[in-house]
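First comes the structure, then the notes that go with it.
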Amino acid sequence: MLHLNKLTKQYATGDMALKSVELEIPKGQVVALIGPSGAGKSTLIRCINRLVEPTSGSVILNGKELTKLGSGALRQARRRMGMIFQEYALVERLTVMENVLSGRLGYVGFWRSFLRKYPQSDVDEAFRLLERVGLDHMADKRADELSGGQRQRVGIARALIQDPELLLVDEPTASLDPKTSRQIMRLICELCAERNLAAIINIHDVALAQMFVQRVIGLRFGEVVYDGPPDQLKPDILTEIYGEEDWEATIEAIDEDDEAEQGAVA
Amino acid sequence: MNASMTASRKWRKPPMIKNPLMRWGLISGCLIYLVLAFGSFDVNWARVYEGLDRGWQFILAFSKPDFLSRKSDIIDGMAESAIMTITSTACGILISIPIGLGAARNIAPLPVYLVCRGVIAISRALHEIIVAILLVAIFGFGPFAGFVTLSFATIGFLAKLLAEDIEDTDRSQAEAIKATGASWWQWVTYGIQPQVMPRLIGLSMYRLDINFRESAILGLVGAGGIGATLNTAFDRYEFDTAAAIIIMIIVIVMFLEYLSGVIRARLQ
Amino acid sequence: MAVSINKNGQKIWAVRDRNAQLTRWFVYFVTVAVIMYCWQTISEATTWFFVLDAPRIAGDIGGRAMPPKWSYINELWKPLWDTINIATIGTVLSLIIAVPVAFMAARNTTPHQKLCRAPALLIIVSSRSINSLIWALLLVAIIGPGIFAGTIAIALRSIGFCAKLLYEAIEEIDEKQVEAITATGASRWQVMAYAIVPQIMPSFAGISVFRWDINIRESTVLGLVGAGGIGLQMQSSLNVLAWPQVSLILLVIFAAVILSEMVSAKVRAAII
């Protein structure tokens with residue numbers, strides 16, 4: 001469904017953030033993208049929806065080449081790619097509901113969105129999603145009154161109301177405590193399964209990634225150095241991705257899955 | 001708990017003011033005010049229409065500003081403005097520092113605080129031009145009245161901001177100096193001064209800029225500076241000379257702003 | 001900081017090394033010299049006899065101004081109302097123009113660096129450099145005396161002030177929120193309405209009230225050049241040396257300014 005072909009990004013400073021990345025992601029697959037800071041993870045997902053313009057190569061979503069689109073067509077393409085951010089990136093001074101509905105901006109005209117006159121079907125869907133992430137009683141709260149975990153749920157609802165085929169997730173748990181991190185990861189993966197969505201999740205917590213995804217891609221200095229199932233991530237591979245360190249403890253941590261937390265997210 | 005319950009749930013952006021009576025009261029109050037205010041505007045449109053032509057000539061004058069025919073007046077006026085600006089800023093800073101110290105609640109005793117705050121309040125409430133009128137009446141025409149006016153205005157501005165800055169300083173640094181057994185003066189110079197100095201310099205530069213702009217109007221009431229020349233130019237409808245003066249003011253203000261930007265960048 | 005070793009091999013500490021210290025003294029010296037020179041020029045232009053005589057004259061004027069002529073207040077209500085209108089409507093007009101100028105001047109929202117940003121910055125600096133009294137002088141010459149000239153003068157002066165503060169606020173917004181809204185496929189205007197406007201709303205409100213407060217102060221003197229408001233009464237009272245009226249006008253202005261400052265402080269505190 002998503003195909004990256006020789007995707008390259010060189011910043012104006014001369015840094016090569018991505019070096020000819022080749023990637024194929026089928027429908028409904030959740031992929032974790034791991035790698036040290038500066039490996040190009042953020043750049044990679046931002047090149048897909050062109051928040052960062054790739055230097056060369058192509059991004060093909062459902063057979064459509066995205067890198068050559070004009071601004072109108074690009075906006076149409078962006079509607080089908082939901083994005084979830086590290087620090088939630090909610091518009092802090094708008095209410096939860098407005099934040100969720102802002103996911104429909106690509107579908108409604110300017111005046112409708114300006115006057116907050118969304119079609120009733122969008123409002124229904126927004127309430128459904130808020131209920132699904134457990135926040136329907138918060139609809140009229142302002143986003144800056146929410147806790148970190150709650151904000152990230154609003155961020156997820158905003159991405160899903162776009163009715164996307166692909167989720168681009170940038171460090172969803174980096175600003176959250178360990179428990180909330182797991183809940184959020186579980187929620188994202190459950191929702192992807194329910195809707196048969198593909199997702200690329202940037203994450204630097206290897207154990208958390210291994211716990212939830214079917215496929216892991218390791219990025220180092222802008223190049224793919226590992227692509228395979230999570231259980232094949234052996235210490236020597238992690239060393240190749242991150243550098244020398246004792247990896248046994250990190251990998252073992254995966255085994256003690258906490259069943260107790262299952263269902264905490266409803 | 002599912003779609004059927006939420007299917008027809010309406011949503012509307014919650015209004016900014018919750019109480020509807022208050023909300024509509026405010027809106028209609030504003031509308032009534034605007035109607036009344038515009039109602040009391042009796043604009044003589046015929047006169048305005050006549051003036052448009054003169055306005056256009058004034059704009060045209062900017063394309064051919066006349067620096068030369070009143071050259072000596074302009075040079076004298078500008079020099080006087082510059083001199084008033086420099087002396088009054090220097091004098092204003094010197095007086096602002098003790099008053100600013102006195103107006104900071106965390107280092108001054110209450111009676112001193114009240115007196116200093118009073119001086120600041122008076123200086124801020126009176127427009128420079130009003131002070132200048134009174135001072136011209138007292139001291140006679142000339143740049144001295146302008147100098148005193150600008151110094152007085154500088155005190156209100158600088159002392160207030162300095163006092164607020166001192167009140168915002170980091171307590172622990174000041175406490176650490178006090179703990180060494182320093183005297184009040186040592187405490188101020190080591191615990192407070194280093195924290196507020198960069199901003200004081202920045203603010204002084206900014207005030208220099210404001211004083212220059214203000215000095216351009218003091219001439220209107222006879223308190224010296226370029227304002228008198230400008231006023232004469234307008235009175236005689238010599239728009240090209242007026243344009244020349246205005247262009248010079250803009251250029252000097254731009255230069256001062258640039259300079260203060262450079263100095264502030266070097267301090268940080 | 002500099003540490004040097006003297007001939008006995010001891011370490012000597014000083015805050016700055018010798019060159020830095022010399023430069024510093026040189027700068028001090030030049031500054032003081034310039035200020036002294038300027039002072040001398042002013043001193044030459046001053047008749048010191050008048051200055052020495054000033055306390056007596058001040059006492060004389062003060063004596064004549066007291067007590068204020070309270071009955072005159074009935075003639076001040078209308079000019080006071082005009083003054084407030086000049087300030088308020090002038091502020092509103094200036095905001096209408098300042099908002100688009102600010103969006104053109106902010107680095108992150110300007111449609112074009114050279115074609116839009118440079119002219120916007122020029123508008124801001126021109127408007128800011130010229131005192132509202134000069135604007136009033138100009139407008140009185142062009143469109144004739146009256147409230148209208150005063151209002152436009154206030155508006156022209158305020159554009160630069162408001163646009164400058166506003167564009168600085170726009171440049172300081174959180175870009176991540178803009179990125180998030182852009183990623184939903186929103187158009188340029190939608191990004192503006194959803195990601196930028198909510199973020200700058202508090203500064204916008206604060207700036208407007210702040211400028212309104214300043215404008216009340218400015219509009220009290222516009223009458224001196226014929227541009228309406230309470231300044232007109234002051235000018236005519238001064239012309240006939242009616243000091244008891246002048247003192248009453250000063251009191252009224254003082255009260256109006258203090259009141260507007262209180263209102264503005266209250267409103268700003270409520271917003272933040």
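Note that these values count all heavy atoms, side chains included, but never hydrogens, waters or copies made by symmetry. Residue numbering restarts at 1 for every chain, and letters A, B, ... go by the order of the sequence lines.
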Point-to-point distance, once rounded to the nearest 0.5 Å, from CD1 of C/I142 to CZ of B/F58: 6.0 Å
Pairwise distance OG(C/S129) to CG(B/L256) - rounded to 0.5 angstrom: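 Here the interatomic distance stands at 10.0 Å.
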Audit row: C/I130, B/I250, side chain to side chain contact (heavy atoms under 4.5 Å, CB included) steps and yes/no: CA-CA 7 Å; C/I130 300 173; B/I250 294 177; 4.1 Å; yes
Kindly give the heavy-atom pair with the smallest separation between [X] and [Y], and that separation in Å.
| X | Y | value |
| --- | --- | --- |
| C/D82 | B/S40 | OD1-OG, 4.3 Å |
| B/A37 | C/I89 | CB-CD1, 3.6 Å |
| C/W39 | B/T87 | N-CG2, 3.5 Å |
| B/M254 | C/V125 | CG-CG2, 3.3 Å |

So for [X], is it side chain, backbone, both, or neither that comes closer than 4.5 Å to the heavy atoms of chain B?
| X | result |
| --- | --- |
| C/S260 | neither |
| C/I84 | both |
| C/M234 | side chain |
| C/L238 | side chain |
| C/I143 | both |
| C/I35 | both |
| C/V92 | neither |
| C/R128 | both |
| C/T41 | side chain |
| C/E218 | both |

Contact class of [X] relative to chain C, heavy atoms under 4.5 angstrom:
| X | value |
| --- | --- |
| B/D235 | neither |
| B/F144 | both |
| B/W56 | neither |
| B/A137 | both |
| B/L36 | both |

Top of [options] for chain B proximity - count of heavy-atom pairs under 4.5 angstrom:
| options | value |
| --- | --- |
| C/L137, C/I61, C/I147 | C/L137 |
| C/I86, C/L139, C/D53, C/T151 | C/T151 |
| C/V225, C/I42, C/V34 | C/I42 |
| C/V246, C/D60, C/T31, C/L224 | C/L224 |
| C/N85, C/V257, C/I57 | C/N85 |
| C/G146, C/A256, C/G144, C/S43 | C/G144 |

Centroid-centroid under 6.0 Å between B/Y33 and C/W81 rings: yes
Partner of B/L220 by side-chain contact (heavy atoms from CB on, under 4.5 Å), out of C/N131, C/V221, C/L133: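 Only match with B/L220 under side-chain contact (heavy atoms from CB on, under 4.5 Å): C/L133.
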Most chain C-contacting option - heavy-atom pairs closer than 4.5 Å, from [options]:
| options | answer |
| --- | --- |
| B/I133, B/I246, B/L52, B/I249 | B/I133 |
| B/A242, B/G142, B/A125 | B/A125 |
| B/V253, B/I217, B/I86 | B/I217 |

Side chains of B/I130 and C/I253 in contact at under 4.5 Å (non-hydrogen atoms): yes
Student check: side-chain heavy atoms of C/C38 and B/M84 closer than 4.5 Å: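 Side chain of C/C38 against side chain of B/M84, heavy atoms only: no contact under 4.5 Å found.
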Pair B/E257 + C/K164, salt bridge at N-O below 4.0 Å: no
More than 12 heavy atoms of other groups within 6.0 Å of B/K13 NZ: yes
B/Y190 atom OH: more than 12 heavy-atom contacts under 6.0 Å: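 At most 12 heavy atoms, drawn from other residues, nucleotides or ligands, come within 6.0 Å of this atom.
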Donor-acceptor contact present, side-chain C/R217 to main-chain B/R124, <3.5 Å: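 Indeed, once roles are kept as given, a pair shorter than 3.5 Å links the two residues.
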